[in-house]
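Taking it in order: structure first as structure tokens, then the write-up.
Worth saying up front: this structure is predicted, and the values here are computed from it rather than measured. All heavy atoms count here, side chains included; hydrogens, waters and symmetry mates do not. Start at 1 and go down the list; that is how both ligands and their atoms are numbered.
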Amino acid sequence: MSNNTQDILDLYKSKVMPTYTPSLVLASGTGVTVRDVDNRVYYDFTSGIAVHNVGHCHPRVVEAIKDQAAAMTHCSNLFVNAPATLLAQKLVDLSGLDGKVFFCNSGAEANEAAIKLARRWGSQNGGRYEIVTMRQGFHGRTLATLAATGQAWCQEGYDPLPVGFVYADFNDIESVKAAVTDKTVAIMLEAVQGEGGVTPATEEFMKGVRALCDERNLLMICDEVQCGMGRTGTWFAWQGYDVKPDLFTLAKALADGIPMGALVSNAKFADVFTPSSHASTFGGNPVAASAALAVIDVIEEENLLENVQKTSTLFREALQALVDKYDKLLEVRGKGFMVGLVVDGDAKEIVEALQGQSILALTAGPNVVRFLPPLTLGEGDLEDAVDMISDAFDCVYGE
Ligand SMILES: *Cc1c(COP(=O)(O)O)cnc(C)c1O
């Protein structure tokens, strides 16, 4: 078999279950760009779906992975590894929550852990188990996290789903209040919804959820799997709202593509899990933890939070200029480098046109184009990319 796009795509279609419909075969990445097997270069404004926050193959991360892989790739949780322990301390410090961390391997698993922790605590505190989640939210693909994801398109065909999830409307505190019963134990939400359309919570809503949780003795759980690790210009998106959750979850960008998830708690809920009450074979894997420690160093040393705030504003302004130019472009929304462009029409068509101009982007629902560039994106690359994005719209909508 030759190593070109069509041959590999044909093999993919015949041997890989069709849960995705990709059209590109990527071979390598450097910084904000990736290269396909036919040697064409693209700006990666997907960051591997919010994973490569420090860009592809950052030398610090590559070195950390290589060094740890040569020393030990896995040690099981029957023993302690230093990188995961140091990472737990880092995450607790960066969050200011003063609690503890449970490590796992993906976003769904981190949310599953949050759900289990909340239920375990609820079972000891009034026999409560219901969790209120937001319509248009997204929490993963395991049965419990799918039940937490209140959207018909991804639940279809999987009945019966685990019970105990109640849906409310995002940014509507009255709707959340109405969903809370004497069985409720937690409220779970994304501070900036990703898959659901790149929609930020309002400050009033986040504060309202916090106040409601305090009043009714509920856990506030923030799913930071997509919006965390600097993407919105603060370490964690909830930090942009002057509130503190009781639990929050991380995955995607945590270890720059080495699978890793984490559940972080405050002090109150730090010891709800006890020996044998929850577990993961690979959780806290030393290679992943070493990568994550390097990611945190890079974000700190290269002042990437500041870069997000500055460069994302320029990006938003450039997109707003396109919205002003084309009637079919309706709105720019999001926060930091989670950027949504609402279109009057099919977002997929736009993503294809962007790919034609060598820009990789995503959709978030039927009519939102989603841009998630690496946080390392500089002004020069941004200008270049904006020209290409502009060309793509000229192609679709005509000059
Ligand atoms: C991607 C995502 C998940 C699921 O993460 P996986 O690693 O794919 O299991 C959960 N929550 C949010 C907000 C996500 O964006």
Side-chain angles (χ1 to χ4, degrees), residues 17 19-20 22 45-53 102-118 131 133-151 153-155 158 161-162 165 167 170-171 186-201 206 209 220-232 235-238 240 245 247-264 280 282-285 288 291-292 295 334-340 361-365 368 370-372:
M17 291 188 189
T19 54
Y20 291 84
F45 277 31
T46 74
S47 296
I49 318 188
V51 167
H52 295 291
N53 283 12
F102 173 81
F103 287 115
C104 49
N105 315 287
S106 69
E109 245 186 293
N111 288 331
E112 187 89 19
I115 292 164
K116 284 183 73 177
L117 191 156
I131 299 180
T133 65
M134 305 303 134
R135 290 189 188 92
Q136 307 307 320
F138 183 85
H139 301 297
R141 302 292 196 148
T142 63
L143 286 172
T145 56
L146 196 56
T149 300
Q151 298 191 52
W153 65 268
C154 58
Q155 291 183 341
Y158 298 114
L161 287 172
F165 296 92
Y167 310 127
F170 190 56
N171 280 339
I187 299 172
M188 181 165 170
L189 75 167
E190 298 152 90
V192 182
Q193 292 186 328
E195 304 304 313
V198 199
T199 315
M206 286 292 272
V209 168
M220 178 173 177
I221 305 173
C222 283
D223 179 343
E224 292 271 328
V225 170
Q226 185 158 160
C227 58
M229 297 306 291
R231 177 138 301 272
T232 68
W235 278 103
F236 310 113
W238 55 261
L247 306 179
F248 71 96
T249 55
L250 294 169
K252 291 190 165 90
L254 179 56
D256 194 51
I258 305 292
M260 179 172 235
L263 167 64
V264 184
S280 165
F282 290 129
N285 171 276
V295 165
K335 204 164 199 188
F337 268 146
M338 267 180 99
V339 180
L362 301 143
T363 60
V368 181
R370 180 172 34 149
F371 297 100
L372 305 168

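Smallest separation of non-hydrogen atoms from G334 and P200: O-CG, 3.5 Å.
Annotation: A108 places an N or O atom under 3.5 Å from an N or O atom of ligand 1; distance criterion only. For ligand 1, the polar-atom distance check against V225 finds no nitrogen or oxygen pair separated by under 3.5 Å. Between G107 and ligand 1, at least one pair of N/O atoms sits closer than 3.5 Å. Where the criterion is an N or O separation shorter than 3.5 Å, residue side chain and backbone included, Q226 meets it with respect to ligand 1.
Within the listing of ligand 1, atoms 1 (C), 2 (C), 3 (C), 14 (C), 15 (O) sit less than 4.0 angstrom from a heavy atom of K252. Numbered from 1 in the order shown, with element, the atoms of ligand 1 that lie under 4.0 Å from a heavy atom of D223 read 10 (C), 11 (N), 12 (C), 13 (C). Taking every heavy atom of H139 and a limit of under 4.0 angstrom, the matching atoms of ligand 1 come to 10 (C), 11 (N). The N111 neighbourhood of ligand 1 comprises atoms 10 (C), 11 (N), with distances under 4.0 Å to a heavy atom of that residue.
More than 12 heavy-atom neighbours from other residues, nucleotides or ligands sit within 6.0 angstrom of OH on Y167.
Within the 4.0 Å heavy-atom criterion, neither part of E109 lies near ligand 1. With a heavy-atom cut-off of 4.0 Å, T249 does not touch ligand 1 at all. With a heavy-atom cut-off of 4.0 Å, S106 touches ligand 1 through backbone and side chain alike. Heavy atoms of E190 found under 4.0 angstrom from ligand 1 belong exclusively to the side chain.
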Pair H139-I115, side chain to side chain contact (heavy atoms under 4.5 Å, CB included): steps then yes or no:
CA-CA 11 Å; H139 301 297; I115 292 164; over 6 Å; no

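Contact check on R370 versus E195 returns a salt bridge, with a Lys/Arg side-chain nitrogen under 4.0 Å from an Asp/Glu carboxylate oxygen.
Atom 6 (P) of ligand 1 is flagged as protein-proximal [any protein heavy atom, distance under 4.0 Å].
Residues C104 and L263 have side chains not in contact (no heavy-atom distance under 4.5 Å, counting atoms from C-beta outward). By the 4.5 Å heavy-atom criterion applied to side chains, F138 and Q193 are not counted as neighbours. Residues T142 and E109 fail the side-chain proximity criterion, which asks for heavy atoms closer than 4.5 Å. Within the 4.5 Å cutoff, the side chain of M220 has no heavy atoms near those of the I187 side chain.
Side-chain atoms of T46 come within 3.5 Å of backbone N or O of G48 as a donor-acceptor pair.
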